[in-house]
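To keep things clear, I will list the structure first and then write my remarks on it.
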There are 2 protein chains.
Amino acid sequence: MDVRTLCLGALMGGEATGYEIRKMFEDGTFSHFQIASLGSIYPALTKLTQDGLVTFVEHEQENRPDKKIYQLTSEGRRTFLRTLLQTRPAEDRYRSDILFMLTFAEEMPIELTEALIDEFAARHELMSQQIDPENTDKPAHQKSNARDENGELRPGCCFVAGLGQAMCNATLKFIRENKQGLLDELKARKANKS
Amino acid sequence: MDVRTLCLGALMGGEATGYEIRKMFEDGTFSHFQIASLGSIYPALTKLTQDGLVTFVEHEQENRPDKKIYQLTSEGRRTFLRTLLQTRPAEDRYRSDILFMLTFAEEMPIELTEALIDEFAARHELMSQQIDPENTDKPAHQKSNARDENGELRPGCCFVAGLGQAMCNATLKFIRENKQGLLDELKARKANKS
DNA sequence: CTATTATATATCAATTCGATATAGTCAAAT
DNA sequence: ATTTGACTATATCGAATTGATATATAATAG
């Protein structure tokens with residue numbers, strides 16, 4: 001799925017600026033399973049405008065750069081729905097420098113191994129909070145695609161959020177149960193060698 | 001982490017061809033948490049050769065294209081270990097078209113929703129098998145970085161593989177427990193609307 | 001008998017990332 | 001008192017990466 005399609009999907013929940021779309025992928029509804037950078041979102045919105053799939057209204061702001069608030073056209077909405085029906089989803093891909101590095105735990109000082117595991121856990125703890133669509137700690141201004149017009153949580157979003165949280169919890173549980181064992185084994189190996 | 005570093009890491013487990021390195025990321029040891037395509041691996045190996053971090057021996061083969069078997073130089077080994085100590089790991093990123101699409105479950109036919117969930121489950125089932133470093137179903141020729149010179153499973157790899165499997169299992173469990181509930185709710189909503 | 005899969009390298013256009021520029025507000029730490 | 005860093009907001013661009021394609025052959029499956 002290219003960034004253009006992702007932008008259309010982001011706008012299915014209502015109007016938004018390019019900056020807000022990025023936030024949906026950075027912190028918001030889509031944060032744990034899709035990514036898109038500003039450097040790809042802005043050109044995508046420009047292209048979509050040219051193709052008539054979105055329109056924007058420029059809002060002048062005092063003492064601030066202008067805001068362009070984008071919105072789907074009916075053509076854009078149709079295109080997105082058609083894409084949903086026709087696209088074969090690409091393979092999932094998970095990319096983690098930390099896990100890659102941990103693979104080489106034997107070659108690093110034990111403190112680094114422990115620090116990497118702790119950071120991995122901390123990131124997942126944070127993610128678990130961000131995922132929760134019912135979490136009210138989040139700043140109120142944040143756009144959420146998780147609710148429909150009536151303010152009800154959309155079932156698809158609920159399911160996906162629940163899945164994300166289950167993955168986070170499994171990760172955290174595994175670390176709680178296996179971190180010390182790994183560190184002990186690494187220590188034993190080091191002692192053996194010398 | 002750029003592809004050059006990933007290649008150095010892949011070669012820490014011993015010599016390999018570019019094709020074999022890709023397999024480590026596609027099917028093998030690193031498959032569930034890193035990716036690299038051939039289009040990036042070959043140029044990376046060329047660059048690493050120029051920089052003196054790897055060397056290769058060309059093996060002529062009958063009726064087959066020549067093989068270039070790459071190997072770390074001591075300089076390459078040192079560089080990789082230094083990188084391990086110095087690199088701040090980038091944020092993890094998980095990318096899933098299926099989860100993105102499922103977010104819009106309300107907008108699609110229920111059969112598609114179900115098919116997407118089933119495919120998601122099937123992929124994770126497969127992944128779970130691929131991850132297991134003790135799985136002996138795998139073709140014997142496949143390079144595995146998971147074992148050291150003595151044929152013992154390396155603790156870092158074990159930990160990372162276990163974590164991957166825990167994530168897969170959590171995913172599969174969540175689907176078993178929540179798939180029907182989602183489908184039922186979607187059906188109820190559709191009935192309500194019409 | 002044909003299609004697909006696997007081994008193996010290589011190239012390249014299109015896409016995407018990541019960093020940077022611009023520009024102003026606001027809060028917090030020095 | 002002021003500088004540093006974080007947040008809102010758009011835009012651009014070089015560099016990295018993907019994904020597709022080309023080349024060549026063997027083996028396996030349908």
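Lettering follows sequence order; numbering is per chain, from 1.
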> When the nearest nucleotide of DNA chain C is assigned to Ile69(B) and to Ala36(A) on a heavy-atom basis, which residue is associated with the more 5' position?
Replying inline: Ile69(B)

>> Classify the ring geometry of Phe104(A) against Phe30(B): parallel below 30°, tilted from 30° to 60°, perpendicular beyond 60°.
In response: tilted

>> If I take atom CD1 in residue Ile41(B) and atom P in nucleotide dA10(C), what distance separates them, rounded to the nearest angstrom?
In response: 13 Å

> Does a side-chain N-to-carboxylate-O contact under 4.0 Å join Glu106(A) and Arg154(B)?
Replying inline: yes

> With a 4.0 Å cut-off on heavy atoms, is Gly39(A) in touch with a base, just the backbone sugar-phosphate, or nothing at all?
Replying inline: base

> So, Gln165(A) versus Asn169(A): side-chain donor-acceptor pair below 3.5 Å or not?
Replying inline: no

>> Measure CD1/Ile21(A) against P/dA11(D) and give the value in whole Å, please.
In response: 12 Å

>> Can you see if the side chain of Lys23(B) gets near the phosphate of dA8(C) - specifically, an N or O under 4.0 Å from OP1 or OP2?
In response: no

> Would you call the rings of Tyr70(A) and Phe56(A) parallel, tilted or perpendicular, where under 30° means parallel and over 60° means perpendicular?
Replying inline: tilted

> Could you give the CD1-to-P distance, from Ile35(B) to dC17(C), as a whole number of Å?
Replying inline: 11 Å

> Is any side-chain nitrogen or oxygen of Tyr42(A) closer than 4.0 Å to OP1 or OP2 of dT10(D)?
Replying inline: yes

> Is Thr17(A) near enough to dT10(D) that one of its side-chain N or O atoms lies under 4.0 angstrom from OP1 or OP2?
Replying inline: yes

> Once you round it to whole Å, what is the distance between P of dT8(D) and CG of Leu38(A)?
Replying inline: 12 Å

> For Gly18(B) and Ala90(B), take the nucleotide of DNA chain C holding the closest heavy atom to each; which residue's nucleotide lies nearer the 5' end?
Replying inline: Gly18(B)

> When you check the phosphate oxygens OP1 and OP2 of dT8(D), does a side-chain N or O of Tyr19(A) lie under 4.0 Å from one of them?
Replying inline: yes

> Between atom CD in Glu26(B) and atom C1' in dT5(C), what is the gap in whole Å?
Replying inline: 13 Å

>> Measure CG/Asp27(A) against P/dA6(D) and give the value in whole Å, please.
In response: 14 Å

> Mapping Thr46(A) and Met1(B) to their closest nucleotides on DNA chain D, which lands nearer the 5' end?
Replying inline: Thr46(A)

>> Nearest to the Lys67(B) side chain among dT16(C), dA8(C), dA10(C), which nucleotide is it?
In response: dA8(C)

>> Determine whether Tyr94(B) and Phe33(A) satisfy the following criterion, ring-ring contact (aromatic ring centres under 6.0 Å, His included), listing intermediate values before the conclusion.
In response: CA-CA 5 Å; Tyr94(B) 177 52; Phe33(A) 56 88; 7.9 Å; no

>> Considering every strand and a 4.0 Å limit on heavy-atom distances, what is the contact class for Arg93(B): base, sugar-phosphate, or nothing?
In response: sugar-phosphate

>> So, does Arg95(B) get its side chain near the phosphate of dC17(C), meaning an N or O under 4.0 Å from OP1 or OP2?
In response: yes

>> Just the rounded figure in Å: distance from C1' of dA8(C) to NZ of Lys68(B).
In response: 11 Å

> Can you tell me how far P of dA19(C) sits from CZ of Arg22(A), to the nearest Å?
Replying inline: 13 Å

>> Under 4.0 Å from OP1 or OP2 of dT17(D): is there any side-chain N or O of Ser40(B) that close?
In response: no

